[in-house]
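Down below is the structure, laid out as structure tokens.
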Amino acid sequence: MSSRRCSRCGLVNFAEASECKRCGATLHAGDAPDAEATFDSSDKRPRRSFLKRLSWVAGMTLVILFVCYLSLLLTSDAVSWEQRRTIERSIDILEGRGFSREAFVLRRLVSFRSTDNWWNMQVGHRDAYAATNFPFEVVTLYPDFFNLAADDTERAAILLHEAYHLFGSGERAALEGVWRNKQSLGWTEERYGQTRVWKNTRELTENHAPELFRCGDDGKSDCLQ
């Protein structure tokens, strides 16, 4: 559909209009259509408008996510230098055992905290060794991570669990992933079977993935031993 510009005042009127809507001048059939006001089914302006709105939504989403990320950091404490050294040793074990992707994320992308942020205070993780805030890549390590874990290998098992959460996996997938990879990690029952972390992890894994413990003559043994 085209339109016609008034020769007196310059207003663009509909093509079928006989008089100018602004000044009332008669619009003649010989008046040339206004090129700038021509509308066509191939007009790209609606698409540009949609892309602009989409960009605005994406930009606002990023701003909100960044503000949330900052709030998690501002409402919690960073790990100490000594704690950071312990974390690095555990990550080194993961990397040395072939978990290079998990080690990269833990070393390069994660902000480690030593106290709960506002989110964790609402959800509650006080009986855990660690907690992950996905997708913000914030990992809180509780005192038991440093004090009750038998050694850096056992801490590496805990970090491997959190790495699964960093990639978006749920609790079942994280527990099952660690249990399936415990031999590769060097976290074995022969060496760690009596530790608190081992017992806690086995109990939780049995609850979430019972099919991993239905082997042996009694049907209650670890299928991955």
Can Arg113 and Val139 be said to form a side chain to side chain contact (heavy atoms under 4.5 Å, CB included), step by step?
CA-CA 6 Å; Arg113 315 303 289 176; Val139 175; over 6 Å; no
Mind running side chain to side chain contact (heavy atoms under 4.5 Å, CB included) on Gln183 and Leu224 for me, showing each step along the way?
CA-CA 9 Å; Gln183 299 288 341; Leu224 302 173; over 6 Å; no
Quick one, His208 with Glu171, criterion side chain to side chain contact (heavy atoms under 4.5 Å, CB included). Give me CA distance, side-chain angles, the key distance, then yes/no.
CA-CA 8 Å; His208 286 81; Glu171 186 67 7; 3.9 Å; yes
Pair Trp187-Thr201, side chain to side chain contact (heavy atoms under 4.5 Å, CB included): steps then yes or no:
CA-CA 12 Å; Trp187 191 50; Thr201 303; 3.7 Å; yes
Could you give me the CA-CA distance, side-chain angles and deciding distance for Asp151 and Arg191, then say whether salt bridge (Lys or Arg N to Asp or Glu O under 4.0 Å) is met?
CA-CA 11 Å; Asp151 56 20; Arg191 184 174 179 182; 3.6 Å; yes
Please evaluate residues Arg180 and Glu211 with respect to the criterion salt bridge (Lys or Arg N to Asp or Glu O under 4.0 Å), reporting the C-alpha separation (whole Å), side-chain torsions for both, the decisive distance (0.1 Å), and the verdict.
CA-CA 12 Å; Arg180 288 186 178 278; Glu211 67 277 6; 5.7 Å; no
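Rounded to the nearest 0.5 Å, atoms CD1 (Ile158) and CG (Leu148) are 9.0 Å apart. Atom CG of Leu74 and atom CH2 of Trp118 lie 12.0 Å apart (nearest 0.5 Å). For the atom pair CE (Met60) and CG (Leu62), the distance works out to 10.0 Å, reported to the nearest 0.5 Å. The CD1 atom of Ile87 lies 5.0 Å from the CZ atom of Phe112; values are rounded to the nearest 0.5 Å. With rounding to the nearest 0.5 angstrom, the CZ atom of Arg101 is 10.5 Å from the CG atom of Leu166. The distance from atom CZ of Arg202 to atom CG of Asn200, rounded to the nearest 0.5 Å, is 13.0 Å.
No side-chain donor from either of Asn117 and Thr75 sits under 3.5 Å from a side-chain acceptor of the other. Side-chain atoms of Ser100 and Glu95 form no donor-acceptor pair, as typed in the model, at a separation below 3.5 Å. Judged by distance alone, the side chains of Glu154 and Thr195 do bring a donor and an acceptor atom under 3.5 Å apart. Residues Ser111 and Tyr69 have side chains that bring a donor and an acceptor to within less than 3.5 angstrom of each other.
Using a 4.5 Å cut-off on side-chain heavy atoms (C-beta onward), Leu73 and Val138 make contact. By the 4.5 Å heavy-atom criterion applied to side chains, Glu137 and Val105 are counted as neighbours. A heavy-atom distance below 4.5 Å is not found between the side chains of Tyr192 and Val197. Residues Gln225 and Glu190 form a side-chain contact, since some pair of their non-hydrogen atoms from C-beta on lies under 4.5 Å apart. A heavy-atom distance below 4.5 Å is not found between the side chains of Leu212 and Glu206. Counting only heavy atoms from C-beta outward, the side chains of Val57 and Lys52 never approach each other to under 4.5 Å. Here the side chains of Tyr142 and Thr140 are in contact, with some heavy-atom distance below 4.5 Å. Side-chain atoms of Asp218 and Ser221, non-hydrogen and from C-beta on, do get closer than 4.5 Å to each other.
Judged by distance alone, with hydrogens and angles left aside, the side-chain atoms of Thr205 form no donor-acceptor pair with the main-chain N or O of Glu176 at under 3.5 Å. Between the Asp144 side chain and the Asn147 main chain, no donor and acceptor come within less than 3.5 Å of each other.
No more than 12 heavy atoms of other residues, nucleotides or ligands sit less than 6.0 Å from atom CZ of Phe66. Heavy atoms of other residues, nucleotides or ligands lying less than 6.0 angstrom from CD of Gln194 number 12 at most.
For Ala174 against His165, the heavy-atom pair with the smallest separation is CB-CE1, 3.7 Å. Heavy atoms only, all atoms of each residue included: Tyr129 and Phe145 are closest at O-CB, 3.5 Å. The two residues Gln83 and Ser114 come nearest to each other via the heavy atoms OE1-CB, 3.9 Å. The two residues Leu159 and Ser90 have their closest heavy-atom pair at CD1-CB, 3.7 Å. The two residues Leu185 and Arg97 have their closest heavy-atom pair at O-NE, 3.4 Å. Considering all non-hydrogen atoms of both residues, Leu106 and Leu94 come closest at CD1-CD1, 3.6 Å.
At a threshold of 4.0 Å, the pair Asp152-Arg85 does not count as salt-bridged, since none of the basic side-chain nitrogens sits closer than that to a carboxylate oxygen. Asp92 has a carboxylate O that lies under 4.0 Å from a charged side-chain N of Arg107, or vice versa, which qualifies the two as a salt bridge. With salt bridges taken as basic N to acidic carboxylate O contacts below 4.0 Å, none links Arg155 and Glu162. By the 4.0 Å N-to-carboxylate-O rule, Lys182 lies too far from Glu189 to be salt-bridged with it. The existence of a salt bridge linking Glu203 and Lys199 is excluded, since no basic side-chain nitrogen approaches an acidic carboxylate oxygen closer than 4.0 Å.
With hydrophobic clusters built from ILVMFWY side chains whose heavy atoms lie under 4.5 angstrom apart, Ile93 shares a cluster with Phe99.
A disulfide is assigned to Cys215 and Cys223, since their SG atoms are nearer than 2.5 Å.
Ring geometry for Trp198 versus Trp179: interplanar angle of 30 to 60°, hence tilted. Below 30°, between 30° and 60°, or above 60°: for Phe136 and Trp119 the angle between ring planes is above 60°, a perpendicular geometry.
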